[in-house]
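No experiment lies behind these values; they were computed from the predicted model shown. Residue numbers begin at 1 in each chain, while the letters A, B, ... track the order of the sequences.
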Amino acid sequence: MTPANAKPHVNRNHLLQLLQSMIRIRRFEEKCAELYTLEKIRGFLHLYIGEEAIAVGCNEALQPEDALICTYREHGHALARGIPMAAVMAEMYGKITGCSHGRGGSMHLFDKTTRFYGGNAIVAGGLPLAVGLALADKLQQRNRVTACFFGEGAAAEGEFHESLNLAALWQLPVLFVCENNLYAMGTALNISESEQDIHRKAQSYKIDAETVDGMNVVAVEQAARNACDSIRRDGGPHFLECRTYRFRAHSMFDSQLYRNKAEIQAWQEKGPILQLIKWLREYQQFTDAELETIEQSVEEEINKAVAAAESADFEAITSLSQNVYSEGKP
Amino acid sequence: MTPANAKPHVNRNHLLQLLQSMIRIRRFEEKCAELYTLEKIRGFLHLYIGEEAIAVGCNEALQPEDALICTYREHGHALARGIPMAAVMAEMYGKITGCSHGRGGSMHLFDKTTRFYGGNAIVAGGLPLAVGLALADKLQQRNRVTACFFGEGAAAEGEFHESLNLAALWQLPVLFVCENNLYAMGTALNISESEQDIHRKAQSYKIDAETVDGMNVVAVEQAARNACDSIRRDGGPHFLECRTYRFRAHSMFDSQLYRNKAEIQAWQEKGPILQLIKWLREYQQFTDAELETIEQSVEEEINKAVAAAESADFEAITSLSQNVYSEGKP
Amino acid sequence: MTQASERTTMSYREAVQEALREALHSDPRVFLMGEDVGHYGGCYGVSKGLLDEFGEQRIRDTPLSESGFVGAGVGAALGGMRPIVEVMTVNFSLLALDQIVNNAATIRHMSGGQFSVPLVIRMATGAGRQLAAQHSHSLECWYAHVPGLKVLAPATIADARYMLGMALLDPDPVVIFEHVMLYNLEALLPQENERLPTDKAALRREGSDITLITYGGSLPKVLAAAEQLALSDINAEVLDLRCLRPLDTTSIVRSISKTHHALIVDEGWRTGSLAGEISAIIMEQAFWELDAPVARVCSKEVPIPYPKHLEEAALPQLDEIVSTAKQLLGTP
Amino acid sequence: MTQASERTTMSYREAVQEALREALHSDPRVFLMGEDVGHYGGCYGVSKGLLDEFGEQRIRDTPLSESGFVGAGVGAALGGMRPIVEVMTVNFSLLALDQIVNNAATIRHMSGGQFSVPLVIRMATGAGRQLAAQHSHSLECWYAHVPGLKVLAPATIADARYMLGMALLDPDPVVIFEHVMLYNLEALLPQENERLPTDKAALRREGSDITLITYGGSLPKVLAAAEQLALSDINAEVLDLRCLRPLDTTSIVRSISKTHHALIVDEGWRTGSLAGEISAIIMEQAFWELDAPVARVCSKEVPIPYPKHLEEAALPQLDEIVSTAKQLLGTP
Ligand SMILES: Cc1ncc(C[n+]2csc(CCOP(=O)(O)OP(=O)(O)O)c2C)c(N)n1
Ligand SMILES: Cc1ncc(C[n+]2csc(CCOP(=O)(O)OP(=O)(O)O)c2C)c(N)n1
Ligand SMILES: [Mg+2]
Ligand SMILES: [Mg+2]
């Protein structure tokens, strides 16, 4: 990429685009929550609400040929990456038009065209995959980045340790993005880690690592651009710890006994969308009309996606045994 | 323990005792190698030769009520801890008089009376056990230390990461002793770790950690005493990285393609037994006669152990199914 | 708090909680450790309230470190405690298998009987909640394969309530599987003195025409199938294995010697399923009693898909159980 | 370097090495990764010399991180490579099961067929070298249970030489088990054009009285048993499964329809063994062909003890195979 990309795009249009992207994710997931109560969406549903700045900011630094590995909390990443909303929504419905043809559901969004290697529902299970994708690029002399998103809870897993060591030891082009929202389900960071500064853990593998305000989309974009530049330049991995917060329950089954309303409230006031809107109003004469236009276009897209998902077909039961092995046998 | 124990015992008798203890281990294992070629001992045989100062030095800091967890390279620890040599040798033979009643062999020496929780043949597999033993002590308000020995190769395993975090997070009385002999089988440290300063890795969990010259038994004893004192005083874990070297092959099947004679030679000259003898000769008028006495008493003990093992019985085949479940059902 | 002495209706979830509470009250060496067992209240709500009742030392939230805290459970058992380690689900237990197979199951043996590992490991298992391919495993058969382990599958309120306490008395490691579809099951709790020993299978329904053998989450489906078969004048006997290791082969053989027909229902994938082992045991011990080959209804050989209709198609269902039983009996 | 074209005698170890060398020469996307595959030359000497021949990029020593590098193999396969990941032994593969079961085996399915994982995992398996309870597992049956995986057990020089190449052509993950007792086996290598497809069982000995079914490290024992039975005028057929998933049930049924008697020999622990699955399959597909119940000779239900006499007693042995076969045939 050109050094030009390195400087932050704080021009108005770019900011509006970031805002729209975040609102689009937020409203999409609010709709999903609604559809869940209507039992249109089933299984586990993990909402990203409050953390949108991370997926949106990081996405700005990624090229089409780059790869992504995410967790079960990946709707935002899928939408930011450019998987059509209709395909994502259809996947939530388990319809054949879904981005995983309905087999995966909310936790397993996949898309070959955008090199989206999934929603992985095993905590830290995606990190070794990211190491391997980056190894494949290195062995084939391709200058591509593999972005790997995971929560702070994953940092306690052995697979985190093994993956960071491999990426650093072999100098692989992985962008590790830790979405530190302070809780792993109901387990607060301070009762799960002796070292709660996650980026310090990354540094102990000799990986360049820093923290960034995960509620500030511009800061995230800047950090991600710098990280990707250095990865593309030097090959080795980079680690971003994004400090953020989950506004909603862990999943739809969580009664949130482990935290209080005040804490949630306080974080909501720092919300990434709220923050950016405030800033735009203050410095960029951002008008309610403009916001309205964004909200409307997002709403239209969501309604279309829902309508499409509703009218799409379920895969035939007769094809149950498909997609276990490839057709083309050796 | 009394602060008195904190100062090194550099008095002559103590040093002679350390020397005897190391020579005892060395000669025992030399005999084992011999017996292996005679096919009296089978399976895997991992010799500790060159690393004796660590087991011997650390043992000085341990109390009878403390616990030990070791690897498949644990003959030295078993002997230093006080498991009768005859019982260890019989175990190498797979005889019923062995310290594991013949079921375990070289890699699985166990002894209840000395709280020796085994030789574990899974690299890093013993670390979680040590955490659990220490947790049991903490929950039962017992002021005991669990010493956990492992090689530097184990530091790459996820179980290392998970165990160190748990020990630090819960402030458990574990003495982690990394026997860094620079190789994991044929894999040199520099091709297995991005951070090759193992004690630094330990520090990243906020565990007090230091390196010590693993070839200097006095230095090891001092470091172990300080570590155990702090553990008994403050409860939390401590980490010792002992820099050492394996003089022999990894096991009896290793053709050592991965290192050269010169390197081995250089380390042998720093050997723990050689070093101590030199020092004793220089500053303590240590005589050849004294050395001879040590060698003789050790030889006698070994001969007795071998004779006993030779004449001992094998377990009856009819009892094969024993020791899988306890007799006393609920 | 419910007294085991008075007859009450409770859910499977409440029964497990009662068992935990009783264990924690009756033995100071007992503690519960696992992911989100404390502040969250247990991923399936089983341990809700226990943290307040027993405190952080005995209701211990762990980091996401399955191998680490399961191994710590083994160590704590060696150290004289009676740990109950909860692995949130069997899916994540794959990360702890080394500690379970190479340590928990072998230390007694490797030490020549010097050390025992009085550890209880609980885990949720099974599919049915549309959790897709990584969160729907049924791997009881893997655990039932390992010498040194005992494996229990409580399928009733009574077993959910009483098996844990009996497992804690066992000096050897016991793995308890709680099927996710059973937690909301409600029933009358029998008196404690009516409880069965852990290692015996239970006849859940007497019958004469065919033996339906199952365990865990499939029991309700099988009982329903038996009722449906009754409508076609087929009198099915239902045998709940309860203990998957060691297997109560005596009860299996006894029942088949009566019915001469057997159908095994198992949510595991067919190939290499526990159902296969049961069939082989019948082959070896009751071959001449059989009037027809033993049949199996298992999960299809596919990772569990997310959509409801495909998940249902992948798992054993009432209709397939009924039709297979009828086929087996040659009564269409 | 041996040419596959000329007929030569080679050891199983050399055959695997030849297969690796050929694969590395013929496809630049192929690389070998695992613990001590490079500088050490492979824990069983299989890859000795390959590091000098192909360099550190393609013969890649890994840290002790089974889950990490097996998962990296899955990722590299997704990224267009053709990785051969060596897990030193099946005993350590327990640490990598999450990556194998939850990623390698499921990604094609979860992605609706968009992604495939052309990964080959090799591991040594089995007992017989007095390595005791943690180093003597035979867990092929666990892998054979998992949809999405293919499982191979080369038991001959030819299969050791040719199966790897065929596995690398497979777009799906293939697990190859090499039994530790086979590495020193020597035999004449058949021509490449005589090689069998990976997914078919092979008749290693034609017979008419009984079918002895086995795989992997037990094949030599079973062939020896067949010869011994011949001395008692029992003409045993020996079927080598070769592919443990998917199982070649056609060949199993065909043979039993001829001999009407079957004995399965499997080094796995009896309960939940692959032998149990085979017996169940025969029950379902060839029950009416059987003149006697199918029998199994498996390992005893005990962690493998260190001493030679106890290890031998724990594993399937010639005598037990012979006597069980005779019993089964009612010829003492
Ligand atoms: C290996 C594993 N253990 C446990 C779980 C159950 N689980 C799902 S999400 C989760 C919390 C993860 O927290 P974190 O990594 O911080 O991600 P977040 O949900 O906060 O985004 C847990 C325990 C799992 N999916 N995988
Ligand atoms: C989990 C696991 N992986 C691989 C092995 C095979 N293995 C046995 S010892 C060893 C090297 C360990 O090196 P290190 O930890 O440094 O201890 P050392 O042998 O040098 O004392 C390996 C790879 C094993 N026993 N366990
Ligand atoms: Mg979190
Ligand atoms: Mg080492």
Please round to the nearest 0.5 Å and tell me the distance separating atom [atom1] of [X] and atom [atom2] of [Y].
{"X": "C:H145", "Y": "D:S138", "atom1": "NE2", "atom2": "OG", "answer": "8.0 Å"}
{"X": "C:R296", "Y": "D:E277", "atom1": "CZ", "atom2": "CD", "answer": "4.0 Å"}
{"X": "C:T271", "Y": "D:R245", "atom1": "OG1", "atom2": "CZ", "answer": "5.0 Å"}
{"X": "D:I281", "Y": "C:R270", "atom1": "CD1", "atom2": "CZ", "answer": "8.0 Å"}

Problem set entry | Option that, when pairs with chain C are counted at under 4.5 Å, heavy atom only, ranks first among D:L94, D:I282, D:T106 |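 Sorted descending by pairs with chain C, the first entry is D:L94.
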Problem set entry | Most contacts with chain C, counted as non-hydrogen pairs under 4.5 angstrom, among D:Y306, D:W288, D:F92 |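 Highest number of pairs under 4.5 Å: D:W288.
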For this session: Would you mind telling me which of C:L95, C:L97, C:D98 makes a side chain to side chain contact (heavy atoms under 4.5 Å, CB included) with D:L95?
Result: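 Of all the options given, the one that passes is C:D98.
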Please look at [X] and chain C and tell me whether the side chain, the backbone, both or neither of the residue comes under 4.5 angstrom of a heavy atom of that chain.
{"X": "D:A132", "result": "neither"}
{"X": "D:L247", "result": "side chain"}
{"X": "D:L139", "result": "side chain"}
{"X": "D:A275", "result": "neither"}

Heavy-atom cut-off 4.5 Å, strictly under: side chain, backbone, both or neither for [X] against chain D?
{"X": "C:A96", "answer": "neither"}
{"X": "C:M110", "answer": "side chain"}
{"X": "C:I278", "answer": "neither"}
{"X": "C:H137", "answer": "side chain"}

For this session: Report the C-alpha distance between C:L290 and D:F287 in whole Å, list the side-chain angles of each, state the deciding distance to 0.1 Å, and finish with yes or no for side chain to side chain contact (heavy atoms under 4.5 Å, CB included).
Result: CA-CA 10 Å; C:L290 291 174; D:F287 181 77; 4.0 Å; yes
For this session: For the pair C:Q134 (side chain) and D:N102 (backbone), establish whether a donor and an acceptor sit closer than 3.5 Å, ignoring hydrogens and angles.
Result: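 Such a contact is found between C:Q134 side chain and D:N102 backbone.
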For this session: Compare all side-chain heavy atoms of C:P293 with those of D:E284 and state whether any distance is below 4.5 angstrom.
Result: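 SC-SC contact between C:P293 and D:E284 ruled out.
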Problem set entry | Partner set under salt bridge (charged side-chain N to carboxylate O under 4.0 Å, His left out) for C:D172, not counting sequence neighbours |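 In terms of salt bridge (charged side-chain N to carboxylate O under 4.0 Å, His left out), with neighbours along the sequence ignored, C:D172 is linked to C:R108.
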For this session: List the steps, then state whether side chain to side chain contact (heavy atoms under 4.5 Å, CB included) holds for D:H109 with C:I304.
Result: CA-CA 9 Å; D:H109 182 262; C:I304 305 303; over 6 Å; no
